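This report refers to the structure that appears directly beneath it.
Small disclaimer: the values here were computed from a predicted structure and weren't measured. Atoms within a ligand are numbered from 1 in the order they appear, just like the ligands themselves.
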Amino acid sequence: MARPIRARLDWSALRHNLNVVRRHVPGAKVWSVVKADAYGHGLLPAANALSDVTDGFTLIELEGAIALRDAGISQPILMLEGPYQPDELPLYGELELTPVLHTMWQVDALIEARLPIRLPVYLKLNTGMNRLGFNLDEFAAALARLAGANCIGSITLMTHFADADEARGIEQQLGRFRAMAGDRSLPVSMANSAALLRFPEAAGDWVRPGIMLYGASPFPAMQSAVALDLRPVMTLESELIAVRELAAGDAVGYGGSFVAERAMRIGVVACGYGDGYPRHAPTGTPVQIGGQRTRTLGRVSMDKICVDLGGLPPTVDVGDTVTLWGGEGDMYLAADDVATAAGTVAYELFCGLAARVPVIEVD
Ligand SMILES: *Cc1c(COP(=O)(O)O)cnc(C)c1O
């Protein structure tokens, strides 16, 4: 009856992946990064699944923090960009949110807000990413102002690595961070998924994994999700809704960008960019059907993708399940493989899951 596409969300996989984090950095506390609606997986169900195994949650969106507190989540919540306006600060106090302070007006506004509780704060240091964070001279001034204020709890130093998943690694930024932190012996938080997996020795007191919790590799060209023992949380699957025979010379889809060189059997899958499948995925992007890997053909439409059934058994037919990404056993297809073929990253695939796709949750 219903269109056969669905996203299956496996919360036991999310908890498993958090355990993988703990195996790599046993001494560190874990901020589970649930910004962007838990990377497209749904903030509240993801937070509920993690609430008894994580040490805290990390967000960008104030609405998300309100929703977590309304749902009874009592762990610390770290706000990665801090407040955007001074008038948000009373809410930081009420909800006991930990702000990341990356610029001086935030430091001054927090001190001037005279909140009735001592809020722990994160001070973000720019060590080479050059997006947010204090440089060396501003950092000393920010620290001095905070040290003199009485509405401030603990101060943690934080930075974010630009190349933790690249050949360059973290050495240079780590060196700058250590030089800036000096001998102040404040707690530190540095590592995202890539950094905690590759450089666990630099994990610091609190790690901030995002993508690995959702079961994708932060560096798929170096190590696959399977090699890292990560399990997919999101499975995007649909079915073949048509099967047809092409003759040599027949073109497929908009623009006819794929032309059959010889007679071939193709399938049509009920999934397109209107569901969040990447429109720029070229011919050859992997899909999993009948326990075998095959490929897309031609352009992705809003509602449909055409796939090559050439190498598959003739029993594969209308109604058969197609994994677009995720899945398990012989229907597993790494989101990283799809993302790489489409010139993007699994982060974007997950975040882009469209609202029209029905969600099935399994525990
Ligand atoms: C999003 C984000 C993370 C999580 O990064 P992953 O690559 O998903 O592990 C960690 N820290 C900061 C500052 C972030 O913005």
Side-chain angles (χ1 to χ4, degrees), residues 14 17-22 24-25 28-41 43 46-47 50 54-62 64-65 76-84 97-103 106 121-134 156-166 168-170 173-174 177 187-200 202-223 225 228 230 232-234 335-336 339 344-352:
L14 186 62
N17 297 335
L18 185 80
N19 271 328
V20 175
V21 172
R22 296 221 186 261
H24 282 267
V25 287
K29 290 195 173 184
V30 178
W31 290 115
S32 293
V33 181
V34 290
K35 64 188 177 185
D37 202 27
Y39 289 44
H41 293 66
L43 173 61
L50 290 172
T54 188
D55 299 297
F57 292 101
T58 295
L59 279 169
I60 291 278
E61 309 85 355
L62 197 52
I77 298 178
L78 178 69
M79 303 301 290
L80 281 175
E81 293 175 351
Y84 303 94
L97 309 180
T98 304
V100 170
L101 307 174
H102 61 81
T103 189
Q106 292 176 317
V121 300
Y122 270 46
L123 268 190
K124 184 156 188 179
L125 309 188
N126 175 32
T127 55
M129 177 77 116
N130 291 311
R131 293 188 314 189
L132 300 182
F134 293 101
T156 301
L157 303 183
M158 164 186 172
T159 197
H160 192 51
F161 296 122
D163 297 299
D165 57 335
E166 306 272 345
R168 214 145 74 97
I170 64 166
Q173 281 187 265
L174 185 61
F177 184 83
V188 302
S189 175
M190 297 182 283
N192 62 358
S193 302
L196 78 88
L197 288 168
R198 280 184 78 201
F199 310 102
D205 301 282
W206 283 81
V207 292
R208 306 189 304 271
I211 194 67
M212 68 180 290
L213 293 180
Y214 305 99
S217 169
F219 31 68
M222 285 185 245
Q223 243 180 325
L228 292 165
L230 298 172
V233 179
M234 181 191 295
D336 291 316
T344 184
V345 288
Y347 300 74
E348 191 182 21
L349 299 187
F350 297 156
C351 288

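Arg198 has no carboxylate O lying under 4.0 Å from a charged side-chain N of Asp163, or vice versa, which leaves the two without a salt bridge.
The closest side-chain donor-acceptor pair between Arg208 and His160 falls under 3.5 angstrom.
The shortest non-hydrogen separation linking Tyr122 to Ser189 is CE2-CB, 3.5 Å. Of all the heavy atoms in Thr54 and Val30, the pair that sits closest is OG1-O, 3.1 Å.
Gln223 places no side-chain N or O within donor-acceptor distance of the main-chain N or O of Phe219, the cut-off being under 3.5 Å. Side-chain atoms of Asp37 do not come within 3.5 Å of backbone N or O of Gly40 as any donor-acceptor pair.
When heavy-atom distances to ligand 1 are checked against 4.0 Å, the residues falling inside are Val33, Lys35, Tyr39, Leu80, Met158, His160, Asn192, Ser193, Arg208, Pro209, Gly210, Ile211, Tyr347, ordered by chain and number.
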